[in-house]
Amino acid sequence: WKLGNCGTRVELCVEMSGQAELFSQYMVIEADREKAAKVAGTIQKRLGQEVYEQLCYAACSTDEQKGTCIYYALREGLSGGNANPRVLENLRNPYILKISRIQLAVWHEMHRFLGFVRFRELSNGVLFSVICPDYAVLPLIAPHFADRLPGENWVIYDEKRRDALVHPAGGEWYIRR
């Protein structure tokens, strides 16, 4: 954020690609839960829950430019001290247009898995399902299944990412690699 305030062009990559660009400076930014919670709170408070949810859907996509698109959408939405809760309506902005497209694709896939996840009961009584989504939908589908199966031990395994959505009976869900 600080670099963007200095007029520097910023690109955010979730994973480093094999090709470095000339005349570019690369920085590795470590994940920080506390800062992430503050950013999420700022987005929800200043831009609204709908913008926050759409950005979360976009963040679950596999698009290599998702980080950059989200960054520039937030810069536009929070620029000049005035929050613009309608920032994602500006489809003339190429970053926002891309967010619109990728968040819609993720949303459709999430809804498909809400309807098509089928569990089988393991010998120990745990309900288990294996899925292979194109996008990282586990955190998006978790609240749905936690609400519908609160008293059950269940696991939804994302075969592509090797992540497991785990829900202990009566407890909170979590994701484990």
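Residues take their numbers from the sequence shown, with the count starting at 1.
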### Message
On a heavy-atom basis, which atom in Ala169 and which in Asn153 lie closest, and how many Å separate them?
### Response
N-OD1, 2.6 Å

### Task
Evaluate whether atom CZ of Arg161 has more than 12 neighbouring non-hydrogen atoms of other residues, nucleotides or ligands under 6.0 angstrom away.
yes

### Task
Might you point out which heavy atoms bring Val137 and Ile131 nearest each other, and give the distance in Å?
CG2-CD1, 4.5 Å

### Message
Measuring only between side-chain heavy atoms, which start at C-beta, is Arg176 closer than 4.5 Å to Val155?
### Response
no

### Task
First locate atom NZ of Lys98, then atom OG of Ser61, and finally report the distance between them rounded to the nearest 0.5 Å.
8.5 Å

### Message
Looking at every non-hydrogen atom in both residues, tell me the closest pair between Tyr135 and Ala105 and how far apart they are.
### Response
OH-CB, 3.6 Å

### Query
Do Leu12 and Ile70 come within less than 4.5 Å of each other through their side chains, counting heavy atoms only?
no

### Query
Are the side chain of Glu109 and the backbone of Pro133 linked by a donor-acceptor contact shorter than 3.5 Å?
no

### Query
Do the side chains of Asn90 and Asn84 get nearer than 4.5 Å, heavy atoms only?
no

### Query
How far apart are the closest heavy atoms of Pro85 and Ala83, and which atoms are they?
CD-O, 3.5 Å

### Query
Lys160 versus Asp134: any side-chain heavy-atom pair under 4.5 Å?
yes

### Query
Ignoring hydrogens and geometry, is there a side-chain-to-backbone donor-acceptor pair from Tyr72 to Val10 under 3.5 Å?
yes

### Message
Please say yes or no: joined through hydrophobic side-chain contacts below 4.5 Å, possibly via intermediate residues, are Ile96 and Leu47 part of one cluster?
### Response
yes

### Task
Compare all side-chain heavy atoms of Phe128 with those of Glu121 and state whether any distance is below 4.5 angstrom.
no

### Flag if over 12 foreign heavy atoms under 6.0 Å of CZ, Arg112
yes

### Query
At their closest point, which heavy atom of Ile99 faces which heavy atom of Ala58, and how far apart are they?
CG2-CB, 4.1 Å

### Query
So do Trp154 and Ser129 actually touch side chain to side chain, heavy atoms under 4.5 Å?
no

### Query
In the single-linkage hydrophobic clustering (I, L, V, M, F, W, Y; side-chain heavy atoms under 4.5 Å), do Val126 and Leu165 co-cluster?
no

### Task
Start with the C-alpha distance between His167 and Tyr174, add both sets of side-chain angles, then the distance that settles side-chain contact (heavy atoms from CB on, under 4.5 Å), and finish with yes or no.
CA-CA 7 Å; His167 180 272; Tyr174 55 92; over 6 Å; no

### Message
I need the minimum non-hydrogen distance between Glu172 and Pro168, along with the two atoms involved.
### Response
O-CD, 3.4 Å

#### Entry: Distance, nearest 0.5 Å, that separates CD of Glu53 from CD of Gln103
10.0 Å

### Message
Taking Lys38's backbone N and O only, do any of them form a donor-acceptor pair with Thr42's side chain (distance below 3.5 Å, no angle check)?
### Response
yes

#### Entry: CZ on Arg101 to CG on Asp63, rounded to 0.5 Å
11.0 Å

### Query
Any side-chain heavy atom of Tyr95 within less than 4.5 Å of one from Thr68?
yes

### Query
Should Val39 and Leu55 be regarded as members of a common hydrophobic cluster, given that ILVMFWY residues are connected when their side-chain heavy atoms come within less than 4.5 Å of each other, either directly or indirectly?
yes

### Rounded distance (nearest 0.5 Å) linking atom CD of Glu76 with atom CG of Leu74
10.5 Å

### Message
Quick check on the hydrophobic clustering: are Leu114 and Ile156 connected, directly or via other members, by side-chain heavy-atom contacts under 4.5 Å?
### Response
yes

### Value rounded to 0.5 Å, distance of CD1 in Ile141 from CH2 in Trp173
10.0 Å

### Message
Below 30° counts as parallel, above 60° as perpendicular, anything between as tilted: where do the rings of Phe119 and Phe145 land?
### Response
perpendicular

#### Entry: Distance (rounded to the nearest 0.5 Å) between Asp158 CG and Leu138 CG
5.0 Å

#### Entry: Any side-chain heavy-atom pair of Gln54 and Glu50 under 4.5 Å
yes

### Single-linkage hydrophobic cluster, 4.5 Å side-chain cutoff, Tyr157 and Phe113 together
no

